[in-house]
Amino acid sequence: MRFSTERPPSWQACIGCGNEVVETDSHPRCTACGGLLEIRHRPPNLMAAELRQRFTERRGGQPGATSSGVWRFREIVLPSADVVVSHPEGNTPLLHRVALDRWAGIDHVLLKHEGHNPTGSFKDRGMTVGVTQAQPTGARAVACASTGNTSASPAAYAAQAGLPALVLVPVDGVAAGKLAQSLAYGAKTLLVRGDFDDCLRLVEQASDQLGVYLLNSINPFRIEGQKTIVLEMLEQLVWEPPDWIVLPAGNLGNTAAFGKALREARDWGLITRVSRLVAVQAAGAAPFARSFAGGFTLRHRVKAETVASAIKIGDPASYDRAVQAITETNGLVLSTSDAELLEAKAAIDASGIGCEPASAVALAGLRQLVRAGQVRPGDRVVTVLTGHILKDPGLLLRYHQEMDPPPPGANRPIEIDADVREIERVLQR
Ligand code: F0G
């Protein structure tokens, strides 16, 4: 259906067939055609300058949800939100390290570090909105499939809201930090004998048949929250968009959110031009990069394999939305090998910043584009680090302690006797 009277402040629309439903409808997909839904907002009735001022003033205001890096943008995230479930989240730093400029071969690259969120990944920005929206729908429980971060985040937010949480993760390959978080926050954690794509199919069936509220990024409210990564970055750059925004891509929710944020920010006068988006995948899990190389004529699916377990995804759910994001921003999609992403990660870690393996594909991808001459050294670039260094301690220890021969940047620990002369010997080396 389509609203025949004046539309409410926000509603849901299918990006496939255009079907429209009210904001409180809890179906995760379009019930007419199975397509992906998107939240539409009536343009805010404030001038852009006034909006910008509000967003920024709230940051220094009351502690709690009002100054959250998500909810201070509430006019263009979820204006109807009343009782919000907020940690709070967001307000993450935009970092710069000369060592990383050198590594990538560029004059000045900034890193927006989403690992500084409460559960250590960008997922918290979507989850605060998703869990807030679960409440008016009367959900009995919330659920998600995950490669690890998406499960850690609703585990925490559902605990705060007093809602039962169900998370489905592949039995093998979820990083230790993420699994530990889900267990500790009290989510019912199901180890599925299968990969992420199996988990997602299964949880969609559960949401259909058992009435649990789905919190994967096909849920359009997640996308609204994740838009604030871009909004906050634009604000930090005084609303002067960078030439390029480079981000890791797996299930493609974030790529979709970034495209929507740029489109709306331009439509509502917050910015005058959009940045070009670059989505980077791991080579063993790069169906979107393959589709891009073929001009998006075919949607590819693969059996995914990569050390970056967060983005080990073969059939990304937000494909259609992400195609729109890349097309509208004249963007690019590429992939990097596991060796390249590990080298980038070692450089980011050694700069004192640190991130989880999947996050590092962004910087590895940027170096590729600089070497290929597609990004010029003088371009203004922001890369997004999606998760915290401590999410995947297992891979870190293997990289530094075990891999033989030692990979670039490997920092072997040194075992010594309890004797000060041994320390002196190490210092002299
Ligand atoms: N980086 C990290 C650290 C992630 O955890 C994910 C996705 C991505 C990048 C890719 O983002 O899916 O929006 O393209 N993790 C999901 C999860 C799939 O279950 O935690 P995307």
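Counting starts at 1 for both ligands and their atoms, in listed order. Worth saying up front: this structure is predicted, and the values here are computed from it rather than measured.
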Side-chain heavy-atom pair Leu200, Ile313 within 4.5 angstrom cut-off: no
Note: Glu224-Lys227 ion pair, threshold 4.0 Å (strictly below): yes
Validation row: Arg125, Thr92 side chains within 4.5 angstrom (heavy atoms): yes
Any side-chain heavy-atom pair of Asp124 and Tyr157 under 4.5 Å: yes
N or O contacts of ligand 1 with protein under 3.5 Å, please list pair by pair.
unit_1   : atom_1 : unit_2 : atom_2 : d
ligand 1 : 1 (N)  : Thr386 : OG1    : 2.7
ligand 1 : 5 (O)  : Asn149 : ND2    : 2.8
ligand 1 : 12 (O) : Asn251 : N      : 2.8
ligand 1 : 13 (O) : Gly253 : N      : 3.1
ligand 1 : 13 (O) : Asn254 : N      : 2.8
ligand 1 : 14 (O) : Gly250 : N      : 2.7
ligand 1 : 14 (O) : Asn251 : N      : 3.2
ligand 1 : 14 (O) : Leu252 : N      : 2.8
ligand 1 : 15 (N) : Lys123 : NZ     : 2.9
ligand 1 : 19 (O) : Ser146 : OG     : 2.8
ligand 1 : 19 (O) : Thr147 : N      : 2.7
ligand 1 : 19 (O) : Thr147 : OG1    : 3.3
ligand 1 : 19 (O) : Thr150 : OG1    : 3.1
ligand 1 : 20 (O) : Ser146 : OG     : 3.4
ligand 1 : 20 (O) : Thr147 : OG1    : 3.4
ligand 1 : 20 (O) : Asn149 : N      : 3.1
ligand 1 : 20 (O) : Thr150 : N      : 2.8
ligand 1 : 20 (O) : Thr150 : OG1    : 3.0

Glu232 side chain reached by Lys112 side chain, heavy atoms, under 4.5 Å: yes
Sub-4.5 Å side-chain heavy-atom contact between Leu341 and Val307: yes
